[in-house]
Amino acid sequence: MKNKILIVAILMITGHSMFNHIQAQTAKPETKHQKILFVVSSHDKKGSTGEPTGYYLSEVSHPWEILKNAGYEIDFVSPKGGKAPVDGFDLTDRVNAEFWNDKVYHEKVEHTMKPSEINPNDYVAIHFAGGHGAMWDFADNTALASIAGKIYENGGIVSAVCHGPAGLVNIKLSNGKYLVDGKKINGFTNEEEKAVKLENVVPFSLEDKLIERGAKFEKSGLWQSHVVTDQRLITGQNPQSAKAVGEAVLAGLQ
């Protein structure tokens, strides 16, 4: 009788252990959201004009919607950190309104991180949003250039839209070459800058500077959507290109 009880007890214990082992093998691992870093300007004035500027809202919100809905988590960084000045504030745009009224992301863009707080290894992509502010504080920010260069060399994607490519002009890779050198690229064109009468206000011509760095600059007519992808570098010409840039980044990540 004792032997029978002992055998039953052993079977119960081993069966329970085997069940736990099977459960452990078949349990789904916890999913971790991959992260994308959005760069926005800290600069709030168009040169000596006194006119306000900053990051252009739709150039954040439209790529944000595409990438957020695909399951990516987005963080925000700006040259100075803290509250980022916003331009193009149009809440009749459904996507702008959705972004602005999202409590989590509104908090993030109102309290952006500083470059010193960013670990490039945490991100699969980096996106430089435009808005004229970028022309004053993106190009010479060595910390942002370093972050973007590391994300790219880790196999990640670098994207930019409109004036956002100002953040690309001084990114150098470990081989000493500029990131844009030899690659197809676009951004806010000379013709578009003249159309908004700011060609003599911005500190440099974005189109000319990218060409100077060796980029193969492509462009369409005024305010036409135009997106270029070349070796994990994705660029859009103007605000009208923002959604398509988000779609291209998503395609590149998948």
*Asks:* Tell me the closest heavy-atom pair linking Ile118 and Ile147, and the distance in Å.
*Replies:*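 That closest heavy-atom pairing would be CB-CD1, 3.8 Å.
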*Asks:* Just by distance, no angles: are the side chains of Glu192 and His163 close enough, under 3.5 Å, to form a donor-acceptor pair?
*Replies:*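 Side-chain D/A pair, Glu192 to His163: absent.
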*Asks:* In Å, rounded to the nearest 0.5 Å, how long is the span from CD1 of Ile151 to CG of Leu37?
*Replies:*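 Going from CD1 on Ile151 over to CG on Leu37, the span is 5.5 Å.
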*Asks:* Would you check if there is a donor-acceptor pair between the side chains of Tyr123 and Asn154 at a distance under 3.5 Å?
*Replies:*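 Short answer, no.
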*Asks:* Would you name the heavy atoms of Ala242 and Pro63 that are closest together and state the gap between them?
*Replies:*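 Nearest pair, atom of Ala242 first, then Pro63: O-CG, 3.4 Å.
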*Asks:* So, do Asn170 and Asp140 sit near enough that their side-chain heavy atoms are less than 4.5 Å apart?
*Replies:*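 A side-chain contact exists here, since the closest heavy-atom pair is under 4.5 Å.
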*Asks:* Can you classify the ring geometry of Tyr105 versus Trp64 as parallel (below 30°), tilted (30 to 60°) or perpendicular (above 60°)?
*Replies:*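 Aromatic pair Tyr105/Trp64 classed perpendicular.
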*Asks:* In this structure, are over 12 heavy atoms from other groups packed under 6.0 Å from Lys243 atom NZ?
*Replies:*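 No - once you tally the heavy atoms of other residues, nucleotides and ligands closer than 6.0 Å, there are 12 at most.
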*Asks:* Inspect the surroundings of CZ in Phe138 and state if more than 12 heavy atoms from other residues, nucleotides or ligands are less than 6.0 Å away.
*Replies:*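 Yes, because the 6.0 Å sphere around CZ of Phe138 holds more than 12 heavy atoms from other groups.
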*Asks:* If you apply the rule salt bridge (charged side-chain N to carboxylate O under 4.0 Å, His left out), what do you find for Glu73 with Lys68, and how did you get there?
*Replies:* CA-CA 6 Å; Glu73 180 183 348; Lys68 176 187 71 79; over 6 Å; no
*Asks:* Does the cation-pi check pass for Lys108 over Phe76, that is, NZ or CZ under 6.0 Å from the six-membered ring centre and within 45° of its axis?
*Replies:*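 No, Lys108 does not sit over the ring of Phe76.
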*Asks:* Do Ser174 and Glu153 get their side chains close enough for a donor-acceptor pair, meaning under 3.5 Å?
*Replies:*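 Yes, a side-chain donor-acceptor pair sits under 3.5 Å.
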*Asks:* To check you understand the geometry: which heavy-atom pair defines the closest contact between Asp93 and His62, and what is its length?
*Replies:*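 Heavy atoms of Asp93 and His62 come nearest at OD2-NE2, 2.9 Å.
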*Asks:* Are the side chain of His43 and the backbone N or O of Lys45 linked by a donor-acceptor pair below 3.5 Å?
*Replies:*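 Yes.
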*Asks:* Can you tell me if Lys150 has over 12 outside heavy atoms packed within less than 6.0 Å of its NZ?
*Replies:*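 For Lys150, atom NZ is not crowded (no more than 12 foreign heavy atoms under 6.0 Å).
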*Asks:* Which heavy atom of Pro115 sits nearest a heavy atom of Val77, and at what distance?
*Replies:*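 Residues Pro115 and Val77, closest heavy atoms: N-CG2, 3.6 Å.
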*Asks:* Just do the salt bridge (charged side-chain N to carboxylate O under 4.0 Å, His left out) check on Lys83 and Glu110 with the steps written out, would you?
*Replies:* CA-CA 4 Å; Lys83 182 178 174 65; Glu110 293 283 278; 2.6 Å; yes
*Asks:* Does Lys177, at its NZ atom, have more than 12 non-hydrogen atoms belonging to other residues, nucleotides or ligands within less than 6.0 Å?
*Replies:*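 No.
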*Asks:* Kindly write out the residues that satisfy side-chain contact (heavy atoms from CB on, under 4.5 Å) with Lys209, not counting sequence neighbours, or none if the list is empty.
*Replies:*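 Testing Lys209 for side-chain contact (heavy atoms from CB on, under 4.5 Å), a comparison that skips the adjacent residues, returns Val169, Phe204, Glu212, Arg213.
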*Asks:* List the atom of Val60, the atom of Ala129, and the distance in Å for their closest heavy-atom pair.
*Replies:*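 Shortest heavy-atom separation between Val60 and Ala129 comes out as CG2-CB, 3.6 Å.
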*Asks:* Would you say the side chains of Asn96 and Ser58 form a donor-acceptor pair under 3.5 Å?
*Replies:*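 Note: Asn96 and Ser58 side chains miss the donor-acceptor criterion.
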*Asks:* Using only atom types and a distance under 3.5 Å, with no angle test, would you say the side chain of Thr53 pairs donor to acceptor with the backbone of Gly133?
*Replies:*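 Looks like yes, one N/O pair under 3.5 Å.
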*Asks:* Please name the pair of heavy atoms, one in Ala244 and one in Val227, separated by the smallest distance, quoted to 0.1 Å.
*Replies:*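 Minimum heavy-atom separation between Ala244 and Val227: CB-CG2, 3.5 Å.
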*Asks:* Closer than 3.5 angstrom, by distance alone: can the side chain of Asn186 be matched with the main-chain N or O of His226 as a donor-acceptor pair?
*Replies:*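 Checked: pair present.
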*Asks:* Any side-chain heavy-atom pair from Asp137 and Pro79 closer than 4.5 angstrom?
*Replies:*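 Heavy-atom side-chain distance check passes, below 4.5 Å.
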*Asks:* Measuring only between side-chain heavy atoms, which start at C-beta, is Phe89 closer than 4.5 Å to Trp100?
*Replies:*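 Yes - at least one pair of side-chain heavy atoms lies under 4.5 Å apart.
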*Asks:* Trp136 versus Val202: any side-chain heavy-atom pair under 4.5 Å?
*Replies:*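 The answer is yes, as the side chains (C-beta and beyond) meet within the 4.5 Å cut-off.
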